[in-house]
Structures are given as structure tokens and as C-alpha cells.
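First comes the structure, then the notes that go with it.
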Amino acid sequence: MAIAMTLLTLALLPFVAALAIALLHGAPRIVHLGIAGAASAAGLALLASLAAPALGGDTPFARWDWVPSLGLDLTLMVDPLGWMFGLLILGIGLLVVIFGHSYLHENEDTGRFFASLMLFQGAMLGIVIAGNVLLLLVFWELTSLASFLLIGFCQHKAEARQGARMALAVTGGGGLALIAGMVLLGLIAGSFDLTTILARGDMVRAAPLYPLMLGLILLGAFTKSAQFPFHFWLPHAMAAPTPVSAYLHSATMVKAGVFLLARLWPVLAGTELYTVTVTSVGLVTMIFGAGVALFRHDLKSILAYSTISQLGMLVMLLGFSREAAVLAAMLHILNHAAFKAALFMSAGIVEHETGTRDIRRLGGLAKAMPVTALIATLAAASMAGLPPLGGFISKELMLYETIAFSSPNAVWLLPALATVGATFSVAYSLRFAAHLFAGRPREAEPFARAHDPSPAMWASPALLTAFAVLLGLAPMWFAAPLVSAVTAAVTASAPAPVELGLWHGVNLALVLSASAVAVGAALLLQHRRLLAAWEAARLPDAGRLFECVLALADRRARKAMVAVHAPSLQRMLLASFAVTILLVIEGALTGGGVLTGARAGLPASLPAIAAWALLIAATAAVALGSRDRLRALIYVGVIGLVVSLAFAVLSAPDLALTQIAVEVVTVLLMLLALNLLPKRPPVLSSAPRKARDAAIAIAGGVLFGAIAWAMLTRDPGPSIAAFHLANAKPGGGGTNVVNVILVDFRAYDTLGEIIVLGIAGLGIFALLDTAGKGAAGARLRAWRADMPRSPERHPVMLVTASRIILPLTLMVGIYLFLRGHNQPGGGFIAALVVAVAFLVQYLAAGFDWSDARKPFGEHQLIGWGVLVAMATGLGAMAPGSPFLTSWFDYFSLPLIGKFELASAMLFDTGVFLTVLGAVMLALQELSHIAQATARPGGEEAP
Amino acid sequence: MSGAVPFAELLAAALIVLGAGFALVGSWGLVRLPSLMERLHAPTKATTLGLGAMLAGSVVWFQLVKGEWTTHELLVPVFLFVTAPIAANMIAKVHLHALRSGDASAPAGPAGAPPPPPGRADWATHEAPHQGTPCDFEGDERR
Amino acid sequence: MTRRLLPHPGLSALLAGMWMVMVNDLTVGTLFFGLVVGVAVPIFTAPWWPGRPRVRFLPALAYAALVVRDIVVANVEVAAIILFKRNRDLRPVWLTIPLELSSPEAITVFAGTISLTPGTVSADLSACGKFLLVHALHASDPAGEIAKVKARYEVRLKEIFHA
Amino acid sequence: MLEGALAFGFAGLGLALAMNLWRLVRGPGTADRILALDTMVINVIGVIVLAGIAGGSPAAFEAALLLAMVGFVGTVAYAKFLLRGDIIE
Amino acid sequence: MSYEFLLATAIGVLVAGGIYLALRARTFQVVLGLTLISYAVNLFLFASGRLVLNRPPIWDAAKGGAVSAYTDPLPQALVLTAIVITFGMTAFMVILSLRSFLETGSDHVDGEAVPCDAQDGLADGLADGEGAAP
Amino acid sequence: MNLADHLPILPVAIPALAAPAALLVMRRRRELAVGIGFAATLAQLAVAALLMARASGGTILAYAFGAWPAPFGIVLVADRLAGLMLVLTACLALIALLHAVVTRADRKGWHFHPLFQFQLMGLNGAFLTGDLFNLFVFFEVLLIASYGLMLHGQGPARLKAGVQYVAVNLVGSALFLIALGMLYALTGTLNMADMGLKVRALAPADQGLLRIAALLLGSVFALKAAAVPLHLWLVRTYAAATPAVAALFAIMTKVGVYALIRVVPQVFGEGAGAAAWAPAPWLWPAALASVVIGFAGVFTARSLAEQAAYAVIGSTGTLLIAVAGWSAASLGAALSYLPHSTFTTAALFLVADVAARRRGSFADAASPGPEFAGRGLAGLMFMAAAIAATGLPPLSGFIGKLLILKSAAALPQWGWSWGVILGTTLIGVIGFARTGSAVFWKTNAASDTPHPPETRRDLLAPALALACLAALAAGAGRASAYADAAAAQVLGPARSAAAVLAEGPR
Ligand code: NA
Ligand code: NA
């Protein structure tokens, strides 16, 4: 339990610190430093407390459930590998925090800086102590995100933003490959638990998907560790503040890839595919990085390419799949961490003091800043692999391993190439030290400013350099126990005693090493000439290439997307219709069956055929001759008439009534709208487009006609309607079964339906209420009648007749409403009839006259209608029945006789009110805006 | 009652035939008469009357043959007789309006263009109604 | 008070009667409900029918009977014209009928009657309200036609509407 | 007897509808088309009435009544549109 | 010819006309097209109860509750709901098209400004020229 | 029945009462309408949580309207899936409502609060119903309300987009009705559980019609879900809508996905003859294409709102990849990812609004503008939303995507699914990084003076959305267990049919 809490605290500490710093964003910078430093130090202490069990083989371990169904658990463990990386992350992290405090200027946003840094630290630490590969992935991607924030810290600088994006794209992209690889690994191994997976190496390597999985995981590792050809993000990442670079290059981020290779060594390593791929990528990267580093001028850029090269070396060593090579790699990780962090900090000091990082402008700084010079020179010597420094030992081991590993066919090749890499390393390392500190100052200005910083700033690199020196002088003290334990952990073998030392006698490795130093020094002497040749070669820059490809992709993709997604309704509908037609054809062909069923047809009467001809002619006229819009509306009226007739004849009186009533309201609406729309707009579509649309239309028509035919010629099976027919009267209290369905069996549908209508009314109101303002208002005010008008507004006969028509129609409405439950009619139809009755008044006597006499508000009608319908439904719940349970009974009164009262009638009243309100609202508002056009302009007759 | 049935049926059948005949004549007039004003005569009257006859046939049929008490069919012709003249009036106004505004698709027909009314006023379709006349419905307050 | 309760008594009676016809039911209950409708609806619609034309009922009924008769008889004439008269023999003509009626209701009924009775259609009213434009399908004697219409219908309507 | 009358009625109304169609398509004026539609509505009412008689069911009455009302409103609205543009003013 | 044939072909013709119009460039035409499609849809939904003459779904004591004595009432109820909903949607669409036309000065379905007829009352009456902006 | 038995109706009844109430008071007392809106939304959240709790045990609550027994009347079915959708809707609604009120978007036009409640009523009704026609009706309710909300605030862009949105959905509704008609003609029933039983008995002669109906219905739902190529309507609509509304619309495409999940296994599942899993072979490629198009749009977008709209397509596509697997694992993964996807797109729209409200004339265009107040925090929020949208850790999208990848691995052609999901994630990362750095990092010295934000409270709603994502990540274990159980329930329609059809007679 204590272990579990320790692990959890260890894992959470950096995140808590990051959050605390973010929350205390406005506090003095010392607070930020304090929190970050304390968290790192506390983490180190916790890690130290775990040293004994972790290195002693009793791996501290804790597990909490997170997403069991996925296999993602919060498993934390600190094995020797994790412990060593944790040490680097927290130790160098602490030093970076201290250094960063001095490095950052007064006005810089330390809150954001330290919060991001701690987030990064937490993510990195998470990777190394994760005991579940999915959890590892979580932290892995987090490092990409945190590094995005850190690299882009100087948001105003273009290169910072670009570098951040590039790092995110490359490492994030690799991370996605890693996700795929890890999930595959887990699926192959049957578990996402790291310990379990590591125990199933043979099983994994034998799996058919092993090559794919390996490729994906390596992609993740290589991108993170900046292996060629994914290296280019790393030099761009130097846009980050230098302390970050120090951290990124020495202990975090790039080391994550190496860590991953080490972590999964027991499952991945050993196959030929693994060995060949990893070794060659590492080797190429080592030589490439070292070569390029020789010709960079920015101090951080030199160091960045050096990092690429050094990481190539580590990767190559891990690729050998040999225990001894792993040991070399682990030792070099320590060395590299120490000298690289020191070097970056030194570069930071130089920049901080001189204002430049361009090595061509600097020189002879040893005089001005001796302490810095000493620190940097020692660190560079370690990087060059010079004795008696730590770098020398690991480079010796590396060269030794290349010899040991060499294939029998080309014994010389690998050691030779490795030596080339080592030679370049010597050259750029020496250049870093020599050109910076030795000789004379190349430019006066930076030199004039230069002096050693305060100890607070050089303490961190000094400490690291001291460590690098001690690693060389006393490797058995400072490295051997740890490296031995870590190597055992990586290779999943028992810890073996390790011999580390500066002197192993004269062997081939020493010879190669010595020649590398000699040739490297020689190269440095010829640097000017080499540089000229290099610059003449003008090799392509992968980073720039990446940007170009992205920009090109963006342009092309944008063009294509805009072309495809032009906001064209025609295209949207075309897609819908085409998909529909395609699906109908597919369904018919795949499903099979017969087109014409066995049901006997009903012979049609002569008027039916005539009406059918009317409908077809009217449809054709609307479709083909719709330029005269009023005429098109008249044809639509004909279609509506025929449809109404069809309903009336085919035993659907309610439908006929509804269709008739809706029809006229629709016509009124369309006419009102058409008044303000162009009456005869120009033709827009081209002939081919019309032909294409016609083809689609005909295909759709034929298919849906055929479906209708297939449906109509089949006999119906048993239907739930039988229940409705049987229960309408006894259970629902009404003889009009359609109405009983509407207000009882399926009253809930009707509730939704009236709400739709009510909302439509409100929406229409909202649309038209603002029509008098803005551009629309300007247009309305500038509106001129587009056809000659008769000056007579209210014809006498019409007005007079409308006065008698109103009460007559209202009476019909009342009649239709009251009998709806038993005979054709009902609230909806009644509402439309009443609405028409009022609309006739508007038509005849005009808007103002009629509107002033209207006794109701449409909003209120809609609101109360819905409430009444809802109340009817809720009323049923009081006696404990479900919502919308109906109630009815028969009563008898003297004189009046027997009559029925039903809750359905109340529900229908709600329907009536809502429908009336919505219809009146729509038409009334529409005519209202037409009034706005007519009023100020007065009469006009062009 | 048994003697009444054939008569009732005969009456109903006759009304139906008569009604359909008038409807047919109305629509035929619509087709063959020379211009809109002439055509207007046919459907507004013949067709309406035809429908009335058919509805009367329906009343007779249900009343006497099926023994069902129905009268409400009669409301349909009543309604039509109220509305048909108004509809005809409005269509005629449209025609006059088109004539005056020179719409090529509305030729004057054999009766020519209507002469203006005596006095200073024009027809209401061409001139706003004078204040205070029965044609002025701008506001009842003034009436 | 009666004015408030029964703004148009004739209308109320008409509605109650039509209710009975519409419901197909001649019971007391229906009559009661018809009366309720007949009273309630006019009250509700009163604002839309300002003024209160005074109508003589019996002459109105007689007039209605006359018109129905005319419709039936004269329709046959029009049918004959449509069926048998060639277009070139047709003598359509515009008639300008001077009006002696003044209330909108009376003018409307007059014009409506002219339209319903075959051979003539009321096309327009003059802006001053004093002339009615009528289209005759076939009139060899326009002046006689005008006189006939005025005598047969306008005179009666003047009586009915107290004009 | 009644069957014969109904057959005649249906045939007559069918023919009448066809004639209405002719006038509707032919025009020439918009007023002609409105008139054709107006006539058509009355003929359709006739069809509904006859179908009610043929089927022995009076349920078609409401449709006939409503159609009579609504046909009128439609005609007036079309006409008003041609006369004034704005049908409700 | 059977009613079934007439109805099926009518549905087909309405669908074809509706699709063709819906693919045109003017909101008014699109509204008409959608109206035609909704006619077709209502008829189709109605047809799912099959066609029956003279047996309206009005319960009749003489006929009792036998299924064969009536046409299927359920599709009728569904069509009723559909008609109402379609009406609301169509009304909204009409007003929206009009409103969009007023705002943008174009009745093109995409709101693009397209030159209108000279007789078009709204197109050239605008003082501030906003309608001409692409 | 006691009150607890009425629980399933409350998610519909509460907004159905609140909306007209808000309508009736809003003309005079605006604050009262706001209060009604919040109270109703909170009440819905509470009810939804109760329903979810009751459903989580596996019981299926069936509520028969009017006491008419299924399949003759309409039933509500509150199962795990419904519970999930209801809770999700209520949470999202609260966030959207908060943003609307805080940014005063609710005052920019008429009827915001009534429409908002009607919208919720439509959504809740659609998620609860067990009846296919009733599903149509509530689709229409939510659509018409969405038209009103989409146009809220008006202006040419919204009006233009609105015309298209409405027209496309009218076509969708027409297709829905046609499919419904065919299914009723074939099965004689509208209750989905009953229909699922009836389709098994159809004659061979009817199989073609049945399959057509299944495919048409599938295409309607795909249209709502904006699956490529039926996605064209979405971008302009969502980008133009008021941000608070766009945030609420994050649930709208999920309605289509929900309908597929609800209807296909129940009606067109095993034993449905030619219609068995009929939409599946079309859905999967459409889903892949949606993901590609969606993230290509994220990559090329020139404004944050446009980017968010494309992210909707991409994330719904990802969801549909999982749905198209139709296995318990893949459906479970889909249901785990669904809430995440919803909150994410909401957060994107809201953060875009936060930026737009502060950048003056630059609005949310992905080009450098003025340095504005609260840029750091807004930028972090955008980053978090982008992390969620691309499915990177530590937010819940990562877990959802892992679940989808894992479940897809068991299916043939898993490589395509994996490749597309992961490849588009990279494209998305690049796209978000670019717009984010342009809007929140880069500044344009030549730009006009920044708007001081009238309120910093507009950060509240996006923060809440992000908090939901964090909570989803933290509680991912329970969430995915619930999702798996819901998926298993959906895929076992026999038990659900038994529960629904066993409702006693009246
Ligand atoms: Na309904
Ligand atoms: Na008429």
C-alpha cells in the first residue's frame, strides 16, 4: 500500500505541480520556481526511496482499474530501466528548472513556462513508469502535446510556431503508428499488461502480424528519437527556450524512443527483420547527424544534429540484439544525458551573455567566460569521446560491439561506418569547443558583452559536467551497478557483473577510436574548405521539404474541398436522390422477389382516369413550364384537387377534408409569398444539366412508381389496425376510427404533430418579424410593384359576401369539430376551416380592418393549445393511468338528449387552438410584411 | 312504399342524368365559346346547376331509396349559389384588368372592350372607389 | 341589448336552420344546439359585419323562389346556346345598368342574381357605385335586356332592402 | 336504372374534366385558367357526390361542402393576386 | 385500367416531377418540387393500406368490427399526421425562401446573386446595392 | 401506477410544458423565460439520470400511452441506450443553454427558450420511442425546432444556409415516410419490436421490398448523421448557426447514429431475410469516407467554426465505422465514443465563439488577428478541444478510439478502418495545430484594436464541456462498461421485444 501510494504520488506530482503553477499564474516567478523545483526534488526523493527495491529486483508495482474492457489499467511500476530514466528525468529536470529560472528574462511568462515544463516532466515520467502499454501510449502522446507547448513557447516567433507544429506532426504522427503497433502487440500477446507482454516474446515474434506490428512500433520510436528520415523536427525544436532544449535532448522526448526500444527489447528484438532495420536506421542516422552537425552554425543546431547522431548510435546498439550492446547503450544514455544537458545549458549561457548563438560570430570566449568555457569544453570532450571522460568509455564499447556484431560477409563495413560517425562526432565536438572558446573573437560586439554568469546559472551545467567526468573516472562507482541492473532488466536476464574502465588494453576498438580522434581533428582543421563544399552541394532540407509538402497538400486539398463542398443545394439534393435511386436498385436486385403481387385490381371509373390525366398533365406543366409562377401555382392547385378526389373516392373522407383544407391555405401562403418574389425569373440551368436532372427524375419516378405498384398489388397481412377497428367504439368512444387513432390510440403522435405546427408558426413569426429591418427592410421599402395593379382594393361583392360567409363557415367549423370523433372531421380540419373563414375576411376587407377585429392572439393560441393538449394527457395521470389515457362517458339531459363527453375532445381542442394559431400566425405575418412595402410608397401604376 | 321505390329511383336517376348533362354542357361551353367573358357564362351557371341537380338526386336517393334522412347535401348548392357570382365577378375583373393593361393573352372577344360608365367615374377595376359610395370599404367608421 | 345579443337576427335564424339541415337531425336537442350556434356565432362575428341591413323576410323568400325558378328555366336557354348556336351567330354584348340600389348588400344580391340567371354575368361596378357592368352572352336587344333585369329584380330588391 | 344513370354521370363528368383540362392547358389568359380550375372543382364535387351514391355512403358530403367553400376561396385569391399582387392588404 | 395502376403511375409522375423541380436553381421551384414530392409521399403512405372503395373507416353498428368491412384506418391516420407536418414544413420553407430572398436579393437556392428580370420588382430597386454583392 | 412508473414520459413532458410556458411569459418577463429554461433543463437532467440508473441494471421500462397495449398503441422504451442518450442530451443542453444565456445569444431573436425546450422535447422523444412512426414525428419536432434555432439571430449567412438545411431535411423526411409506408404495408405494424418479429415471417416474394425499405431507412438516418455523400448540408448550416446552437446541434448528427443503432438490430437484424443488416455494407465505406472528408476539412478549414463543422463530420464518421461493425464490441465502442464526440464538437464550437467574440472583425478566421484578452486560457481550451477532437490522450477520445480500433480488429478489412482512423487523426492534429497557432499564438500588428470581452463568463460553458470530457476520461471504465451493456442489450432484441410487447392489456 505504501508502495502504491508512493508510485501514485510520484506519477501525479508533476501534474499537480503543473496545475498549481497554472492556477497561481499571476504569482511572483519565484513561486513558480519553487513549486517546480520542489516537485522535482520531491520526485527525486521518492524515486530514491524506491531505489533499493527497484534495483534489487523487487520491482515496486501498483495497479488500479481504469478501463477494464479495454485492458487499460493504471499500472505503475519502477524497474531498473524505469528507475534510471526516472532519475534522468527528475534529476536533469531539477537542474533545468534551476537553470531556467536564471535564463528566463524578467518579463517572460514563467507561469506558463514552468507549468508546461512540469506537464512535460510528468508525461515523460509516466512513460517510464507505466506498466501497461496503453497507459504508456497515453503518456507518450502527452509528451508530444507538452513539447508542442514548450517548443511554441515564444508564440510571437514564426519559427517557434512552425517548430512546434512540426514536432507535433512528426512525433504525434509517429505516436499514432505506435498506437496501432501497441494495440496490435496487445492483441497478439493477449494482454496490454507490460509484464505479461514481456513474458510472451516468443509468441509475439512468431505471430503473422509481427512484421506489421514491428514496423508500426518502430515508426513511433524512430520519429520520437529523431531517426533519419524523421529527424528534421528536432533541429526546428530548438526554437524552444534553451533550458527546454537541454531537457528535450538529454533526458526526455528523444530519449523516449530509445526507452521504448529498450522497454520492448524482450518482445521485439532478436529477429532478423528487427536487427537489420533498427541497426541500419541507427547507423545511417548516426553518420548523417554527425556529418550535418559539422556544418551548422547555430550552437543549438550543432547540438541538435549531434543529438540526432548520438541517438542513432543508441538505436544502432539496441538493434544489435546483444546484451553487451544493450549495456553499451545504457551507459551511453547516462553519458549523453550528462554532457548534452550541460552543453545546451552552456550554449544558453553563451547566448544569454553574448546575445547570439552563431558560432561564426563568436570565438575566444575562454578569456571572457572561463568557467563556462571549462564546463562546455569538458562536456564537449565527453561528447567527442575523449578520455578520461564518460563518453570515451561508451564510444569504446560501441565500436567494440560493431566489431563483434559484424556479419561474416563484410567484416569491415560496420566498424568502418561507425568509425566514420565517430570521426564526425569528434570533429563537431572539437569545433564547438574550439571555435567558441579558443582563438580570437570573430566579432567584437558579442565578445564585449560576454562574461561568466552568476553561479546560480552555471551550477547546473557544472554539476552535469562533473557527472560526465566522474562517469569516465570512476565508472565502476557511478555507473556499473546501475547499468548492470538496467541491462538485466532490459534483456530480461539475470544481472551480470560488469567491467567498465578507461583502459582495456590495445584492441581494434581503441585503434578505431584513436583514428577517429585523429581524423576528426584533421577535419576540423580543414573545416573552412569542407564547409564551402558542403554549401556548394546545397542538399535538400527535410524540414523545408516537409513544410512544402504540407503547404501543397493544403492548397490542393482546400481547392478540392471547396469544389466538392460548394454550398449548393442542387448538389446536396442530387447526392440524396442519387443515393436513394442507387439503394432502391440495389435493394431490388439483391432482395429479389416479384414486382406484381396477387391482389386483384379495382377497375377505375372514367372520372378517375380523367382526374389521373389531369394530375399528370398538371405535374408535367408545373415541372416543365414553371417559369410563370402563378400558372405553376394554379397547376399545383389542380394536383391538390385530384389528390383530394382520390382520397374522397378511396374511402378516406378525413384525408380528403384535410387535403382540401390544407390545399387552400397553402395556395394563400404561396400567393402571399409570390407577391414579393420575382414572377418570371430567368432560366438558370443549362441544357445538359436539365437532361441529367430529367434522367434522375425519371429514374426516381419509375422506381417509386414501381414500388407503389408492388405494394398495391399485394394483399395485406394481419395488421394492428384490426385492433383499432375493434376497439375504437368500445374502448375509444368514437366511431370515426381514424379520429380515434389520432386523438386516442396514437394521440402522442398528434401531440408531436401539433407541436411541429406550433413551432413552424413561431419560426415563421421570428423570420418575418425582422423583415422590416436591415437589408431586407431596405429592399422592402424600395419595392416596386412588378405588374400593373388595379386600383380597387376591396371589391364590393366580395366584401359583402364575405360577411355572410364568415358565420356560415364558422358554423361548419364547429360542426366538423364536434362530430370529428364519430364522423369525418376533427380539431385539425375544423381549425383550418375556421382559419379559412377568417382569411376570407382578410382577403376581402383587407389586413388592417380584419386584424383590428380579431379577438385572439396567435402566440397565445399556440401556447394554450399545446398546454391544453398536454394537460389532457397529464390529467390521466392523476387517477394513476398512463399519459394520454382517454376517458369518455355518455350523459343524458332533458331536451338535449343523450350526448357523449370525452377527454379526447379536450385533446382535440388543444389541436384546434394550436393549428388555428399557427396558420393564422403564418399568413397574418406574411401579409403584414407585404403591408410594409405598400404603405410608405403609396399607390403606383407603372 | 314498394310503389314509391321505382319512382324514387327514376327521379334520382333523372336528376343525376340531368345534372351530369348540365355539367357537361358547362364544360363544353368552357371549351368552345370564343372569349373569356362568354366562357364565364357556361361554368358559373350550367355547371353549378348541374351539381345542384346531382345533389338533389343524392337527397332523393338516400331519402327514399335507402331510407336515410339526409338533407345536408342541400347546403352545397346553397353555398355555391352564394359564391359562384362572386367568383365570376372576380374573374371578370381580372379579365377587364388584363384588357386595360394590354395583356396580349387576354383578347377582348366579340363584345369588344366595355364602354366606360356614364359620368366622370370609371369602372372600379380601373379606378379607386369614390369616397362614401357603397364601393368604399376602406373603413366602416366613415360609412 | 337585443342588438348586442342578436346583431343579425336573420342570420341567427338562418344559422339555426342550416344547423338542422347540416346535422340531418330534426330533434329538439339539435334545435337547441342550433339556436346556441345561431346566437353565439353572430355575436362572435359581429365586429366583421358592421351595420345592420333591414330586410323584409317574406318578400325575400319570394325573391329567392323567383330566382331559383329563373335559374332553372333560363339555364336551359344557355345550354341551348352553348350546344347549338355557332360562335359567329353569337351576339355577346356589354350592358351598363344604372343602379337605384345603394346599400352594398342590395347591390351584391342584385349583381349576384344577374350572374346566376343565365345569359348575364355581372362583371364590374363603377367607382361611384351607380352603374353595374354586365356581360350578356347573347342579347339582340341590349336596352330591353336592361329594362327586363331592372324590372324583374331591382324593383323587388328595393322593397326587400327598404331602399 | 340507377346504375345506368351513374354510368352516364361518371362518363359525363369524366368528359367534363377532360374539357376543363383542355382549357386549363390552352389558356390563353390566366383568367381562363382560373376559370377552368373553378369549373373543375365543381365537377370534382359532382364526382364525389356520384361516388357517394354509387357506394351507398353519405360520408362524402363534408368533402363536397368543404370543396365548394375552398374552391371559391382559391378562385378569389388567384384573382385578387392578378388584380392587386397582394391578396391581403 | 385499375385504380392501383392509376395511383402507382401518379405517384411515379409526381416523384419524377418533384425531383426535377427540386433540382432547379430557384427556391420557388424547389418549394414546388418538394410540394409535389410530398403529394407523392402522402399518396404512397396512404397506399400502404391498399385501395378500398366505399368502405370508409367509420364504425358502423351494422358492420361491426370486422376488418374486411372497412378500409385500413391506420395509414389514413398516418397520412393525416404527415399532411399536417408537411404543411408546417412547407409553410416554413416558403417563408424562409422569401425571407432569404429579401435579405440577399436573390432567390437562388444557394443565395447567390443572379441577375433577375428587368420586371422583377426587388432586383433593381435597391439603393445601397447590397444585393449585387456576390 | 405510481410516480416512478411515469418516469419515461417526463423527459418529453417537462420540455413540452416548459416551452409553451416560456412562450407565454417571454414577451413580458424575459428573466422568467430564462429561469424556466434552466429549471426545465435541470429537471430533465435529473430525470434522465434517474432513468439511466434504473436502466443500468438491465431492466427495460416500457411506457404504453393511453394504456393501449403494444403494439397497438405507442410505447416508450427506456433502456440503457435511451438512458445514455437522454443524459447526454441533458448535459449538452445545459452547456448550450448556459452559453446562450451568458453570451446573451438568447436575446438576439424571438423564442429562443421555447424553441430550445421544443428541441429537447424532440430529441428526448426520439430517444425514447419504441414506435417507428412516432420516431418520424419526433424527428420532425426536433427538425422544425432546429430550423428555428439554426436561424436564430438571422442574417444573410444563416438564411442562405437555412434554406438548404430545410430543403434537404424535407427530402429526408419524405424518404422516411416512404420507407415507413413500405414497412407498414409489409408487416402491418409500427412498433419496432413487433416489426422485428414480423419481418422474419415475410414471403420470399416480398424480400426485395423489404430490403429497399431497410436501405431507404438507413439512408435517411445516414442523412441525419451526415455520412458522406449525404453530408453536404452540414458544414454551412453548422458554421452559420449561433455558436450555442451549433453546440447543441452536436447531438443532431448523433440522432441519426442513434436511429441506426436502434432500428437496424431490432428490425433488420438477424433473421430479417434479405434485409438482415442491409445498411451495413454501405455504411462502412460511407463511414470511412466521412472520416477522410471530415478531417480533410479540419485540415483545410479557414475558420474555427468551419473547422468545428468538419470535425462533426469526421467524428461522426469515426463513430459510424464502429457502428458499421454491428458486433457487441464495436457497438459498445461506438456508444463509448458517442458522448465524447458530442461534447467535443460542442466544445469546439463554443471555443470558436470565445475567440470570435474577442477578435473583433477577425472573428474566428484562421488568420492572425489582434492580441486579445484571455488569449492564453482560450488557447488552452482550444487545444484541449482539439486534443479531444483528434482523440489524443488524456481526454476521453483516446479511449474511445482505442476501443474502436480494438473492436475493429476483429472484423475483416480492419486495416482500412485502422489506417483511416489513425491517418486522419494525424491530419486533424496538423489542421488544429495550424488554426490554433494562427488564432491563439500569431498576432497581426496591423490589425485593429481588440475587443475587450464584455464578459469573461463566456469561458464557462466551453470549460464545462471540457470538464465533461475529462470526467468521461476519468470514469471511462464505468462508461465503457455501461456502453458495452447497452450495446449487448441493443443486439439482443428478443429480450427487449419481450419487455415491450409483454405490456398488459388495458
Ligand atoms: Na396524428
Ligand atoms: Na366557385
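Since we're looking at a predicted model, the values are computed, not measured. Proteins come first, then strands; the chains are lettered A, B, ... in the order of their sequence lines, and each starts at number 1.
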With chain A, the option among B:Leu75, B:Ile86, B:Val82, B:Asp103 that has the most non-hydrogen atom pairs under 4.5 Å is B:Ile86
Could you grab the distance from atom CG of B:Leu51 to atom CZ of B:Phe81, nearest 0.5 Å is fine?
8.5 Å
Chain A contact via B:Thr125 - which portion, at a heavy-atom distance below 4.5 Å
both
From A:Gln659 atom CD to A:Ile829 atom CD1, the distance as rounded to the nearest 0.5 Å
11.0 Å
Would you say B:Ser35 and B:Glu38 are linked by a side-chain donor-acceptor pair, where the criterion is simply a distance under 3.5 Å?
yes
Inter-residue atom distance B:Lys93.NZ - B:Asn89.CG, 0.5 Å rounding:
5.5 Å
Side chain, backbone, both or neither: which part of B:His97 has a non-hydrogen atom closer than 4.5 Å to chain A?
side chain
Using a 4.5 angstrom heavy-atom cutoff, name the option from A:Ala844, A:Gly846, A:Pro795 with the most pairs to chain B.
A:Pro795
